[in-house]
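Just below is one structure, and these are the notes that go with it.
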Amino acid sequence: MLFMMPLMSYSQTDPVLLKASFLFQQNELPELVSLLNSYPGNNTDASMWYLLRAKSRYQLNDFNGAREDFSWLEQNGESGLASIYLARIAWLTGDRRTAFEKLRKHLASKEKLSYSKIISDSVFKDLERDREWISFWSDVKYEQFD
């Protein structure tokens, strides 16, 4: 996983999200998704609810569901985190144009990953000879030192 999620980072009072966080750490992803699908969440913990479900769906290769959840996160303040996942999903599903668009959005965010983490990511690591990939990185003004 690209990002680690601290347990109880959003709510220590919501027992369903506590259980969901535990299930995520235990890699009980189908059970976690089922739990969150039956629990609508509340406004104060909506980001945590979507984040847990999005990461679980992604790991279960439910890219359509993960795309929905990460899109919600992207529109509601978690754009850096969500956009890198949306780029990965787009690449894995063959939508290269969207992948580059989301990757560009990720690089413009405050939460951007380092260049080395992106190019060594399991989805992108074998692209060093891909012409579009080379062109993308030559056009991007990447200001972060590795």
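Predicted, not measured: the structure shown is a model, and the values here were computed from it.
- Smallest separation of non-hydrogen atoms from Leu35 and Val16: CD2-O, 3.8 Å.
- A donor-acceptor contact shorter than 3.5 Å links the side chain of His106 to the backbone of Leu113.
- Here the CZ atom belonging to Phe24 is positioned 6.5 Å from the CG atom belonging to Leu29, to the nearest 0.5 angstrom.
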Practice item. Take Glu28 and Phe22, measure what side-chain contact (heavy atoms from CB on, under 4.5 Å) needs, and give me the verdict at the end. Key: CA-CA 9 Å; Glu28 298 289 338; Phe22 176 77; over 6 Å; no
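- Among all heavy-atom pairs drawn from Ser122 and Lys125, the shortest one is O-CG, 4.0 Å.
- Contact annotation: the side chain of Trp72 approaches that of Ser47 to within less than 4.5 Å [non-hydrogen atoms, C-beta and beyond].
- Within the model, atoms CD of Glu68 and CD1 of Ile89 stand 10.5 Å from one another, a figure rounded to the nearest 0.5 Å.
- Connection of Ile119 to Ile134 is not established within any shared hydrophobic cluster, with ILVMFWY side chains joined at heavy-atom distances below 4.5 Å, either directly or through further cluster members.
- Within the 4.5 Å cutoff, the side chain of Lys102 has heavy atoms near those of the Glu74 side chain.
- Annotation: the span from Glu132 atom CD to Leu127 atom CG amounts to 10.0 Å, rounded to 0.5 Å.
- Interatomic distance, CG of Leu107 versus OG of Ser109, reported as 7.5 Å (0.5 Å rounding).
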Exercise for review: For side-chain contact (heavy atoms from CB on, under 4.5 Å), just list the numbers for Asn27 and Gln59, CA-CA rounded to whole Å, side-chain angles, deciding distance to a tenth of an Å, and then say yes or no.
Suggested key: CA-CA 9 Å; Asn27 205 32; Gln59 287 186 23; 3.5 Å; yes
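- In this structure, the ring-ring contact (aromatic ring centres under 6.0 Å, His included) partners of Phe100, at least two apart in sequence or on a different chain, are Trp91, Phe136.
- When hydrophobic clusters are built by joining Ile, Leu, Val, Met, Phe, Trp and Tyr residues whose side-chain heavy atoms come closer than 4.5 Å, directly or via intermediates, Leu23 is grouped together with Tyr39.
- Residues satisfying the side-chain contact (heavy atoms from CB on, under 4.5 Å) test with Val33, not counting sequence neighbours, are Asn37, Ser56, Arg57, Leu60.
- Considering all non-hydrogen atoms of both residues, Met48 and Ser21 come closest at CE-OG, 3.2 Å.
- Qualifying side-chain contact (heavy atoms from CB on, under 4.5 Å) partners for Arg97, counting only residues two or more places apart in sequence or in other chains: Asp95, Glu101.
- You'll find the side chain of Tyr85 stays beyond 4.5 Å of the side chain of Val123, heavy atoms only.
- Checked against side-chain contact (heavy atoms from CB on, under 4.5 Å), Asn64 has the following partners two or more places apart in sequence or in another chain: Asp62, Arg67.
- Residues passing the ring-ring contact (aromatic ring centres under 6.0 Å, His included) test with Trp133, sequence neighbours excluded: Phe124, Trp137.
- Heavy-atom minimum distance, Ala87 versus Leu103: CB-N, 3.8 Å.
- In this structure, Asp126 CG and Ser120 OG are separated by 11.5 Å, a value rounded to the nearest 0.5 Å.
- For Ala54, the side-chain contact (heavy atoms from CB on, under 4.5 Å) test picks out Asp69, Phe70, Leu73, with sequence neighbours left out.
- Listed here is the closest heavy atom pair of Ala90 and Ala99: CB-N, 3.5 Å.
- Nearest heavy atoms, Gly80 versus Ser83: O-OG, 3.2 Å.
- A donor-acceptor pair is defined here as one N or O able to donate and one able to accept, closer than 3.5 Å; no such pair exists between the side chain of Asp121 and the backbone of Lys117.
- With a 4.5 Å cut-off on side-chain heavy atoms, Leu36 and Arg53 count as touching.
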